[in-house]
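Ligands are counted one by one from 1 in listed order, and the atoms in each one are counted from 1 as well.
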Amino acid sequence: MKEALYEGKAKKVYATDNPNEYLVYYKDDATAFNGEKKGTIHSKGILNNKISAFFFEMLTKAGVPNHFVRIVSDREMLVKKLEILQIEVVVRNIAAGSLAKRIGWEEGRKLPLPIVEFYYKDDALGDPLINEDHARVLNLATDEQMKALKDWGLKINSILSTFLKGKKVELIDFKLEFGIHNGELLLGDEISPDTCRFWDTETGQKLDKDRFRRDLGDVEAAYKEVLRRLTGEVC
Ligand code: UDP
């Protein structure tokens, strides 16, 4: 196989014969705490490829422009080539993780309304929290794009939360990345238990990467359970 154009913590990106498309390969590698904790989660790449494809297809049907083209193999999907904005968009429904720490709320406390946050994608700085003014000063996106990021974040939150409730999964929070393709803003990256917090609605059991971050065990089983609830597929 050709050399990867880019290798991230959980995925590799390859060029294809089509200059408008990339191939994304999902790895089993897992990192947390800005790369301080490293490990592997067996089969994660296969599960996240399937789970992301499922969410992207759902969002396409709901009218959310995104980079997904099609699944190519167990660990690979074809996507539209994007120039990724250096901003992570996090949407939250329930206090957890860094928000719980920042505002001093206990994990699990419901927010009266969703919160949208922006983080500057910069490993050396540890991805700091920023607002629209920082984005403007750093030239990360136009004002119009910043508004679109917030609007799409809230719209995607409402689509995913409603769907997941029907599967007895609470969408606590999640991270999105966007990019530009032929001048158009598209949702990119992945939507998976690596990038979302999913809690079982009834038991509160964590079905996401917090099982790895916090050494809770049964990480692979949790990712498998997410896929099973979404598609019925037993993997
Ligand atoms: N998240 C992510 N990548 C990051 C940071 C956060 O996918 O680099 C996701 C994380 O899985 C969670 C949400 O964004 O679903 C909010 O994460 P938080 O800010 O609470 O950070 P963490 O607890 O991961 O430090």
Side-chain angles (χ1 to χ4, degrees), residues 6-11 24 26-39 41 44-45 47-49 51-52 55-56 59 66-67 84-111 113-131 134 140 149-150 152-154 156-161 163-164 169-179 187-201 204-216 219 222-223 226 230:
Y6 168 81
E7 178 156 4
K9 292 162 193 150
K11 300 188 288 299
V24 177
Y26 285 75
K27 305 192 286 184
D28 287 349
D29 298 348
T31 63
F33 313 119
N34 199 22
E36 264 171 53
K37 181 181 167 108
K38 288 194 176 73
I41 301 169
K44 175 170 83 77
L47 294 160
N48 281 358
N49 188 31
I51 293 168
S52 287
F55 280 128
F56 283 130
L59 291 171
N66 66 78
H67 72 160
I84 290 280
L85 300 180
Q86 296 308 302
I87 298 173
E88 294 186 342
V89 180
V90 169
V91 187
R92 305 176 179 273
N93 298 303
I94 291 184
S98 71
L99 176 76
K101 281 206 192 101
R102 188 177 323 114
I103 67 172
W105 282 26
E106 75 277 11
E107 258 204 346
R109 183 161 162 196
K110 190 171 169 17
L111 306 174
L113 74 177
I115 291 180
V116 180
E117 295 171 344
F118 303 112
Y119 292 85
Y120 178 26
K121 258 169 75 89
D122 185 310
D123 280 343
L125 297 176
D127 297 346
L129 180 70
I130 57 167
N131 67 20
H134 299 94
L140 304 179
L149 294 184
K150 179 161 184 179
W152 282 123
L154 290 172
I156 293 164
N157 183 41
S158 134
I159 297 165
L160 297 184
S161 306
F163 169 81
L164 285 164
V169 174
E170 200 65 39
L171 180 60
I172 307 304
D173 55 34
F174 59 100
K175 186 261 299 183
L176 302 171
E177 294 187 28
F178 293 81
L187 173 66
D189 195 45
E190 66 179 282
I191 304 178
S192 73
D194 271 12
T195 62
C196 304
R197 284 195 171 92
F198 297 129
W199 294 2
D200 180 283
T201 311
Q205 191 194 12
K206 294 183 187 358
L207 300 171
D208 56 58
K209 201 167 118 179
D210 272 347
R211 302 204 73 84
F212 168 78
R213 291 188 190 100
R214 302 177 189 188
D215 296 320
L216 299 176
V219 189
Y223 282 55
V226 171
L230 298 180

Q.
Between Arg92 (side chain only) and Asp173 (backbone N and O only), is there a donor and an acceptor less than 3.5 Å apart?
A. no
Q. Which bit of Glu88 is near ligand 1, meaning a heavy atom under 4.0 Å away: side chain, backbone, both or neither?
A. side chain
Q. Is the closest heavy-atom distance from Arg197 to ligand 1 below 4.0 Å?
A. yes
Q | Part of Ala32 with heavy atoms under 4.0 Å of ligand 1, whether side chain, backbone, both or neither | A | neither
Q: For ligand 1, indicate whether the residue Arg213 contacts it via side chain, backbone, both or neither (heavy-atom separation under 4.0 Å).
A: side chain
**Q.** Exercise check, heavy-atom protein proximity under 4.0 Å to atom 1 (N) of ligand 1
**A.** yes
Q: Work out which heavy atom in Ser98 is nearest to a heavy atom in Tyr119; give both atom names and the distance.
A: OG-OH, 3.5 Å
Q | Contact with ligand 1 for Phe33, non-hydrogen, under 4.0 angstrom | A | no
Q.
As a test of understanding, state which of Ile172, Ile115, Leu111, Leu171 forms a side chain to side chain contact (heavy atoms under 4.5 Å, CB included) with Asn93.
A. Leu171
Q. Counting from 1, what ligand 1 atoms have a heavy atom of Val90 closer than 4.0 Å?
A. 14 (O), 16 (C)
Q: Using a strict 4.0 Å threshold on nitrogen-to-oxygen distance, state whether Asp189 and Lys175 make a salt bridge.
A: yes
(Q) Protein non-hydrogen atoms only, distance under 4.0 Å: does atom 6 (C) of ligand 1 have such a neighbour? (A) no
Q) Under 4.0 Å from any heavy atom of Tyr119, which atoms of ligand 1 are there? A) 19 (O)
Q | For atom 21 (O) of ligand 1, the option (of Ser98, Ala95, Gly97) bearing the nearest heavy atom | A | Ser98
Q) Only one of Ile191, Thr195, Leu230, Asp194 forms a side chain to side chain contact (heavy atoms under 4.5 Å, CB included) with Ile51, so which one is it? A) Leu230
Q: I would like to know whether Lys44 and Glu190 meet salt bridge (Lys or Arg N to Asp or Glu O under 4.0 Å); could you show each step before the answer?
A: CA-CA 13 Å; Lys44 175 170 83 77; Glu190 66 179 282; 6.0 Å; no
Q.
For a quick check under 3.5 Å, do Asp127 and Asn34 share a side-chain donor-acceptor pair by atom type?
A. no
Q: Please determine, by modelled atom types, if Ser161 and Asn157 share a side-chain donor-acceptor pair under 3.5 angstrom.
A: yes
**Q.** Within-shell test, Glu117 vs ligand 1, heavy atom, strictly < 4.0 Å
**A.** no
**Q.** Proximity to ligand 1 by part of Asp194, non-hydrogen separation under 4.0 Å
**A.** backbone
(Q) How far is atom 3 (N) of ligand 1 from the closest protein heavy atom, and which atom is that? (A) Lys175 CE, 3.4 Å
Q.
I'd like to know if the side chain of Lys209 and the backbone of Thr31 have a donor-acceptor N/O pair within less than 3.5 Å.
A. yes
Q. Side chain or backbone of Asp173 under 4.0 Å from ligand 1, or both, or neither, by non-hydrogen atoms?
A. both
